[in-house]
Every structure is written in C-alpha cells, then in structure tokens.
Amino acid sequence: MIEARVFCSTRTGPQLLMLGGVHGDEPCGTVALDRLAQELSSGQIELTAGRLTLVPRANPKAGAANERYKDINLNRVMQKHENPHHYEHFIANSICQHVDHVDLVLDLHAVTAPSAPFTFLDWDTPATRSWIKALNVPYALTGWDALYPGETGSTTISYANGKGKTALVVECGQKTNPTTADIAYRIARLTLAHLGLTGPYADDTPPAQTKIVRMTKVVWKETEGKLTGAFENFSPVTAGQVLAQLDNGSTLTADADGVIIMPKATAVMGEEWYYLAVPE
Ligand SMILES: [Zn+2]
C-alpha cells in the first residue's frame, strides 16, 4: 500500500507529484514531505493554484527497514508490470498510476558520500532548465542514460518523461546527514513557488551558477578493493590518478581531468562503485 496526500487549490493550475523514499535508506524526502503535508494541513502554507500529490514513503517496506529496497531497486523498475512478482513491481504499478495523472514530478533522493545538492539534465527542455535554475543547485549531471543503455523507461524520471511529463530527480545531499532533509524541504518549496502552486519562497541560500557536468563512465565493483581516498561527491580528479586499490594488486585510475561522482566506499561486489564526469 502506498499512502498519498492530495491537496487541491480552488484555482486551477499545474498538477504536481512529489515522491520521497523511493530508496528506503534515503529519508530526506520522507521527512521533508511529511513536514510539507503538516504545514499544508494546518494552513501554514497555502496552495494558491493547482493540485499537489505527496507520496512521502514511495517504498514503505524498504523505508521502515531503512534499506535501499526490499526485493529489487525500485528506481530501475519504475514502469507498469503486467505480471508483478517482486514487491517493487507492485509499488511501481501504483506510483506509475500517480505519475499518469499529473503534469510534473519531483523525486527526492540522497547519496552515500558527502555532497552538495544536484540534479540530472538528461531530458533537456526549456521547462527543465528553468526549473533547475529556480532550485539554485550547484550541479546538474548529464550522460546518465548513455551509461545505462537499454534501461531507459525504468526510472521515475524516464517513465514520467515517456508519458510526456516534466520531471526532475534531485539528490539533496548525504543520506545519513539529518540536514539533508532541510535541503529536500527547500527544494520542494522552491519547486512549488517556481511552478506557481504557492507564493514565493524566501531562499536564504547564496545564488549558485549551476555547473553542468557530463558523466562519462560508471565503474562497477567487480574485484574486492578500496577507494584510495575519502572522496566526496564532485571531488576533483586528475588523469591517471589512482582512485581504487584492488586486492589483486592492480589499480583503477581516472581517464581524464574531471570529478568523481557518487563514490560509494561501502559498495559491495556487483554494485556501482563510482562514476567519472567532466565539465560540459
Ligand atoms: Zn536514491
């Protein structure tokens, strides 16, 4: 069962869906959307136009266990399943129905390493660009789809885009840092203001010029070993720099000057370990 809270203005306007907890170990979206629901219910925030659907716990069983997923990664199977057999297939069917009935989707996530907030610009449209600008995030990543050929249609964003919706995923910061929920809340409020569902939101964050960074490589953990430094997300790397020391004696190096993306020191065998990216 998925719980959705729906808030309708008496004035027509955009229909927006916000998702938290698609990954159960990323509580920032859940905390932010619970707070938003409470503030809308109490009248502290007024919805001046449109309709807002909040799903704070998109993967309830994983969220309750503080685990990324129960059976399989929900954000790789976000599509309609005619013969659902994993827990996340049933969840995806329910979330996709919500997506079908809105114009726009915001999906709130977090990452493993310390990180500034960032978003993805794989579906590059004027509407997406102006939304990103309104969020005042330091980074937007491109190139995700090229790293996962044949798997498009399986994330929240690709499902929504395939249905003609405008959608953004925002990685709000480090998942274990409680302040990441404050950033998720800020992203949600800025989105509501930008899309005209509420009045303006006073953002006290200094203006950021969003840097666009293109992902060039995903490195899977295929041999035991460890990262050579306490990398943060967007830590700069130089061509030839050793990034991982493998137990078999060999090393993994950076191909080019750029940044390391979403390094996961705790990655297990078969998981994404880190990505490499270059400035656009
Ligand atoms: Zn996530």
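Along the sequence shown, residues are numbered consecutively beginning with 1.
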Nearest-0.5 Å distance, [atom1] of residue [X] to [atom2] of residue [Y]:
{"X": "Arg51", "Y": "His101", "atom1": "CZ", "atom2": "NE2", "answer": "8.0 Å"}
{"X": "Asn93", "Y": "Glu82", "atom1": "CG", "atom2": "CD", "answer": "9.5 Å"}
{"X": "Lys226", "Y": "Lys221", "atom1": "NZ", "atom2": "NZ", "answer": "10.0 Å"}
{"X": "Tyr159", "Y": "Met78", "atom1": "OH", "atom2": "CE", "answer": "10.0 Å"}
{"X": "Ile157", "Y": "Asp122", "atom1": "CD1", "atom2": "CG", "answer": "10.0 Å"}
{"X": "Arg186", "Y": "Asp203", "atom1": "CZ", "atom2": "CG", "answer": "4.5 Å"}

Should the pair His89 and His81 be assigned to parallel (<30°), tilted (30 to 60°) or perpendicular (>60°) ring geometry? parallel
Charged N to carboxylate O under 4.0 angstrom, [X] versus [Y]?
{"X": "Lys264", "Y": "Glu271", "result": "yes"}
{"X": "Glu272", "Y": "Arg76", "result": "yes"}
{"X": "Lys175", "Y": "Asp25", "result": "yes"}
{"X": "Lys80", "Y": "Asp100", "result": "yes"}

Would you tabulate the side-chain donor-acceptor contacts of residues 188-200 under 3.5 Å, counting partners in other chains and residues two or more places apart, or write 'none'?
unit_1 : atom_1 : unit_2 : atom_2 : d
Arg189 : NH1    : Tyr185 : OH     : 2.8
Thr191 : OG1    : Trp131 : NE1    : 3.0
Thr191 : OG1    : Ile187 : O      : 2.8

Exactly one of Tyr275, Tyr274, Tyr139 clears ring pair (Phe, Tyr, Trp, His ring centres under 6.0 Å) with Phe234, and that residue is Tyr139
Note, [X] side chain near [Y] side chain (heavy atom, < 4.5 Å):
{"X": "Val77", "Y": "Ser154", "answer": "no"}
{"X": "Leu168", "Y": "Leu135", "answer": "yes"}
{"X": "Met1", "Y": "Pro60", "answer": "no"}
{"X": "Val55", "Y": "Leu33", "answer": "no"}
{"X": "Asn233", "Y": "Pro263", "answer": "yes"}
{"X": "Asp124", "Y": "Thr142", "answer": "no"}
{"X": "Pro14", "Y": "Leu16", "answer": "no"}
{"X": "Asn73", "Y": "Arg68", "answer": "yes"}

Non-hydrogen atoms of [X] and [Y] that approach each other most closely:
{"X": "Met262", "Y": "Phe120", "value": "CE-CZ, 4.1 Å"}
{"X": "Gln79", "Y": "Ala92", "value": "O-CB, 3.6 Å"}
{"X": "Ala110", "Y": "Thr180", "value": "CB-CG2, 4.2 Å"}

Distance-only side-chain donor-acceptor flag, Thr53 / Arg5, under 3.5 Å: no
Going by distance alone, is a donor N or O of one side chain under 3.5 Å from an acceptor N or O of the other, for Glu26 and His109? yes
Verify the cluster assignment for [X] and [Y]: are they in a single hydrophobic cluster under the rule of side-chain heavy atoms below 4.5 Å apart?
{"X": "Val278", "Y": "Val219", "value": "no"}
{"X": "Ile261", "Y": "Trp220", "value": "yes"}
{"X": "Leu108", "Y": "Leu104", "value": "yes"}
{"X": "Leu52", "Y": "Leu106", "value": "yes"}

Salt bridge (Lys or Arg N to Asp or Glu O under 4.0 Å) evaluation trace for Lys165 with Asp103: CA-CA 5 Å; Lys165 321 292 182 179; Asp103 309 311; 5.7 Å; no
Report yes or no: does Asn59 contribute a side-chain atom to a donor-acceptor pair with the main-chain N or O of Leu74 at less than 3.5 Å? no
Under the side chain to side chain contact (heavy atoms under 4.5 Å, CB included) criterion, do Leu141 and Thr119 qualify, and how do the steps go? CA-CA 6 Å; Leu141 293 179; Thr119 184; over 6 Å; no
For the pair Thr156 and Asn75, evaluate side-chain hydrogen bond (donor to acceptor under 3.5 Å, both in side chains) and give the outcome as yes or no after the intermediate values. CA-CA 6 Å; Thr156 310; Asn75 210 25; 3.0 Å; yes
